[in-house]
Amino acid sequence: MTPPAQAAAVGSLVLSGLVVLLLVAVALEHLLRTRRLAREAARRAELTPLVHALLDGESTAELAGAPALLDELVLDLLPQLRGADRSALQAVLLERGVVGRAADQLTARGAARRGRAALLLGNAASAEHTTPLVHLLSDRTAEVRSAAARALGKTGDPAAVGPLLAAVASRQGVPPGVVGMALLDLGTGVLPALRTALDAGRPVTQALAADLIGVHGDPAATDALIALVGDPGRDPDVRRSAAQALGRIGSPVATATLAAALRGSGERPLRGAAAEALGRIGDPAALDPLTAGLRSADADVRGACADALTLFGEPGRLRLAAHAVLCGPSGDAARSALDVLEFTRRPGRHAARA
Amino acid sequence: MTRVLVVDDDPVIADLVAFRLTRLGLDVSVETDGQAGLAAARQLRPDLVVLDWMMPRMNGLEMCAALRADADPELARTPVLLLTAKAQEPDLERGFAAGATDYIVKPFSPRELATRVTAALPPGSVSS
Amino acid sequence: MIGVATSFLATVSWTVLGYMILLDLCMLVLVAFGARRVLANRRWTGAEGHDQIFASPLTPGISVLIPAHDEEAGILDTLSAALAQRYPSFEIILVDDGCTDRTFDLVADRYRLTPVTPRWTADLPIDGAVLSVHRATTGDPLTVIRKATVGRRSDASNVALNMARHPLVCMLDADSLLEPEALLRVARPFVEDPRNVVGAGGVIRAVNGSRTDSGAVLEPRLSKRWLVRIQAVEYLRSFLLGRTGWADANAMLIISGAFGLFRRDLLVEVGGMDPHSLAEDAELVVTLQEHLRRQGRPHRMVFVPEPVCWTEVPETWSVLGRQRRRWSHGLGQLLWKHKRMIGNPRFGAVGVLALPFFLLFEALGPVVEVVGLASVVLAAGIGALDWGSAGVMVGFALLVGTVLSTVVVAVEEFTFHRYRSGRDLLALLAAGVLENVGFRQVHAWYRLQGLFAAITRRTPVWTAMPRTGFGSAAQVPADAGSTAAVPASAVPASAVPVSA
């Protein structure tokens, strides 16, 4: 046999051994898992009545001796509940020392452990661990940082706003979407901080703040948002978020600026958002700019204007009807918007016809 | 005995709801998907149905609509409580359009659920 | 003369054998990296934050585009699965691309469609005329566009894109079943990092043989047909390749043949789907990368290492052959169209890693394999073959392939363990071995044909894959599909999985 063939023969032996090893590992894992799952299911079934009893604050005697699986069950149930039952389960976790142990794990070596600990603290809504969680916002592993952000949101401590917003802009930070959801969880207590953030920091933070203010519908931020929309020098994403927020807040004071943005030469997303916002606000002064917008060159903007007009009741419908007789894109947009109006008003009629 | 049917593909939630309602003195049956739920409803004729929306095979809306369209008028009038994680406005509209009597959003409070069930049942059905 | 021929043949054989072994070893290394990452991440459930994404009002909506041509067998199941998505805000746009069967009637019946005036959101050029647009009156967010077919799926995709109204879009095959949390998983990168992420993809699995009901995959099972089993191993392998987590995950999206979710505004910007390309999603990814990188804009693409989609894979050699030829054809087109990017560091990992990888493994690979096989046969024919050495070398090559497949199956068992039955697992392992004797060689031949078609700029031939629909309790009869009427124009699959 030639040398390469000899080498190959040796290599084949090695590889064959490897294959056999893998096969054995797979077979073992499969068997063990099947048994493990069956056992776990049985134990879960055993412990479930205990969990139910705990909801009413009963049977604290059995509590001390129950295995760790009980904590798992409680943790699984916790995010799906609200109100008194949720508080009861949180108290159980506290009493069982789960929260304490998790707090210790926050500085563990393995990233998965730190992440799980953060997850647990969030689910247990423990407000005393804000500081170590904030510290985790600059952890070296991205997933741990995100887990910490989520947990901070769930703990409900408004003092976490500052660090969360800062984490958006920092290099090894947290993605803006995750921070956004966490801030939403914190509720309306963070609104003052968000208003301040509208003007400070990087565009990504400003846009995020505008989005959140919009979701909360905070009227106190109206002036600041109007300033953002009307400033052509701002980042276009920020202006768009501000326009959307103004729509959700619904204050007619913003009509003039939004109409100007719709007419202006800004980017398409901004003009579309402005049209949508004008529709939501419902100020009759917006009827003219929206009707003019039906003749826009962009399909998106035309559609947004047509949809906005449907929200004005009869005056809007009349304007759309006037355009619906035209051929060409503005006519199409008007007709399809009228269709949607018909459709949503009398779905039953359509169902019977079809 | 007042009968209640609970249909939810998540057995943990279904058990919890069953527990709370059994505490009220109700006779609770549990099913884990829409098709089985519909069959059970036709057979058991419950006085109230607690229904999840997102389930495999036949979702809660389809089951609710099927109940409302049933030939038997009594079955068609059964109060249906939708218990679901879908919380947007269009979802609520769709839920009620399909014939739901009440709509509870997850995460939910089991006590609140119990209160609403009591309210939806005829007076005297519940023994606390 | 004979001596020259003999030594020439011998050289060729050894070279080819060496090339194949090298290829397999590279693949093995990549797969090992992927395996390491997947196993390390086992402790993360992957569902972190899903509940919040679902409940958040800031989560962007998704438009699911389904181009369909003669899909009556599985269309209702596909729609059921798509409409049952656990996602806060989405719409489904189905395109009836000149269907000659009952596709439209079935959908119209189930969802009580009514005609409406179309509300276009973009003006991409369309070749086939739009006949009518319909909406469901059952409350489901379903829109159906009927158009005349021009024999190109990209046309149907583009018309759906023209009507999409949400910020994110994804293309779904009419024979694919989405998992209930699919959109949530694949949208997660967009939700978390809206500024930088432009595309995300999830994993595709073979559904043949699984137990399904109204679009829900109740129990994943392995088909009884060996051809399908081998393809199942292929899909698993390409998933692992996608998880190698090279410095820039952008590259992996193409390679793993993922199910893709993209930003709508960017798709419209690059002009939608390329009308002449057969490579669809892969072509889209590369085009986006090129376009965005040239302008120095964010271009991040994320691979979501979770199964999101179950699709029907070919059950017979003839259908498989058509599919693989088409994919190779598409790949050839793609490489030619973007030849400036190959090896070009300006395009990051896509240019430096992904495209050269494709060139080497997918384009050159089949050539080498077929030539090698031919030379071995020839050498044996003229009696110039050293049977002993050749046997050992071939055995070694086979073993490397086997190790590869075994690792892949092992990782699957240690992580997702979707196949509950022990027999399915054994069958999977066996399929991994069998792949190297016969399938691989035939596959190389198909790919060579496809490559040849690309080089000679042959007009793409679009043929339908006979649909068997989704099995419910029992195995679907294997030959039912191949004897069904097959119309000339149709719907190619979009994924481009890699095989060794």
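What's counted below: heavy atoms across the whole structure, side chains too, no hydrogens, waters or symmetry copies. Proteins get letters first, then strands, A, B, ... in listed order; numbering begins at 1 in each.
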K.L.:
For the residue pair C/D193 and A/P175, what are the closest heavy atoms and their distance?
P.N.:
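The answer is N-CB, 4.2 Å.
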K.L.:
Is there a side chain to side chain contact (heavy atoms under 4.5 Å, CB included) between A/D300 and C/R264 once you walk through the steps?
P.N.:
CA-CA 12 Å; A/D300 256 343; C/R264 181 171 68 89; 3.8 Å; yes
K.L.:
I need the residue from A/L338, A/D332, A/D235, A/L13 with the largest number of non-hydrogen atom pairs under 4.5 Å to chain C.
P.N.:
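Counting heavy-atom pairs under 4.5 Å, the top option is A/D235.
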K.L.:
Do the side chain of A/R150 and the main chain of C/Q52 share a donor and acceptor less than 3.5 angstrom apart?
P.N.:
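Between the backbone of C/Q52 and the side chain of A/R150 there is no qualifying donor-acceptor contact (under 3.5 Å).
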K.L.:
Take C/D51 and A/M181 through the side chain to side chain contact (heavy atoms under 4.5 Å, CB included) test and state the conclusion after the steps.
P.N.:
CA-CA 11 Å; C/D51 288 335; A/M181 289 188 285; over 6 Å; no
K.L.:
Going from CG on A/L23 to CG on C/L425, what distance comes out if it is rounded to the nearest 0.5 angstrom?
P.N.:
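Reported value, rounded in 0.5 Å steps: 9.5 Å.
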K.L.:
Is the count of non-hydrogen atoms from other residues, nucleotides or ligands lying under 6.0 Å from C/R86 atom CZ greater than 12?
P.N.:
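Buried by this count: over 12 neighbours within 6.0 Å.
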K.L.:
Which one, A/D298, A/L18, A/V26, A/V301, leads in non-hydrogen pairs under 4.5 Å with chain C?
P.N.:
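Ranked by contacts with chain C, first place is A/V26.
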K.L.:
Non-hydrogen contacts under 4.5 angstrom with chain A: give the residues of residues 117-126 of chain C involved, or none if there are none.
P.N.:
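At a heavy-atom separation under 4.5 Å, chain A is reached by C/T117, C/P118, C/R119, C/W120, C/T121, C/A122, C/D123.
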K.L.:
What part of A/L212 gets within 4.5 angstrom of chain C, counting heavy atoms only: side chain, backbone, both, or neither?
P.N.:
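Just its side chain gets close to chain C.
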K.L.:
Does any heavy atom of chain A fall under 4.5 Å from the side chain of C/A136, the backbone, both, or neither of them?
P.N.:
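Contact with chain A involves the backbone of C/A136 alone.
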K.L.:
Below 4.5 Å from any heavy atom of chain C, which atoms of A/V178 appear? Answer side chain, backbone, both or neither.
P.N.:
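Both parts, backbone and side chain.
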K.L.:
Please name the pair of heavy atoms, one in A/H30 and one in C/Y419, separated by the smallest distance, quoted to 0.1 Å.
P.N.:
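Of all heavy-atom pairs spanning A/H30 and C/Y419, the closest is CE1-O, 4.1 Å.
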K.L.:
What part of C/L399 gets within 4.5 angstrom of chain A, counting heavy atoms only: side chain, backbone, both, or neither?
P.N.:
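Backbone plus side chain of C/L399, per the 4.5 Å heavy-atom cut-off to chain A.
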K.L.:
Would you call C/D265 and A/E267 a side-chain contact if the rule is heavy atoms closer than 4.5 Å?
P.N.:
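No, every pair of side-chain atoms sits at 4.5 Å or beyond.
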K.L.:
Do you know which two heavy atoms are closest between A/P176 and C/P194, and how far apart they sit?
P.N.:
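A/P176 and C/P194 have their closest heavy atoms at CG-CD, 3.9 Å.
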K.L.:
Would C/S56 and A/L184 count as a side chain to side chain contact (heavy atoms under 4.5 Å, CB included) here? Give the steps.
P.N.:
CA-CA 8 Å; C/S56 166; A/L184 271 181; 4.1 Å; yes
K.L.:
Let me know if A/D307 has heavy atoms under 4.5 Å from chain C in its side chain, its backbone, both or neither.
P.N.:
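For A/D307, the side chain is the part near chain C, not the backbone.
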K.L.:
Quick check for you: among C/T406, C/N196, C/V268, which has the greatest number of heavy-atom pairs under 4.5 Å with chain A?
P.N.:
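Among C/T406, C/N196, C/V268, the one with the most close pairs to chain A is C/T406.
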K.L.:
Relative to chain C, which segment of A/A304 carries a heavy atom at a distance below 4.5 Å: side chain, backbone, both, or neither?
P.N.:
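For A/A304, the backbone is the part near chain C, not the side chain.
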K.L.:
Counting only non-hydrogen atoms closer than 4.5 Å, does C/I53 touch chain A with its backbone (N, CA, C, O), its side chain (CB onward), both, or neither?
P.N.:
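Contact with chain A involves both backbone and side-chain atoms of C/I53.
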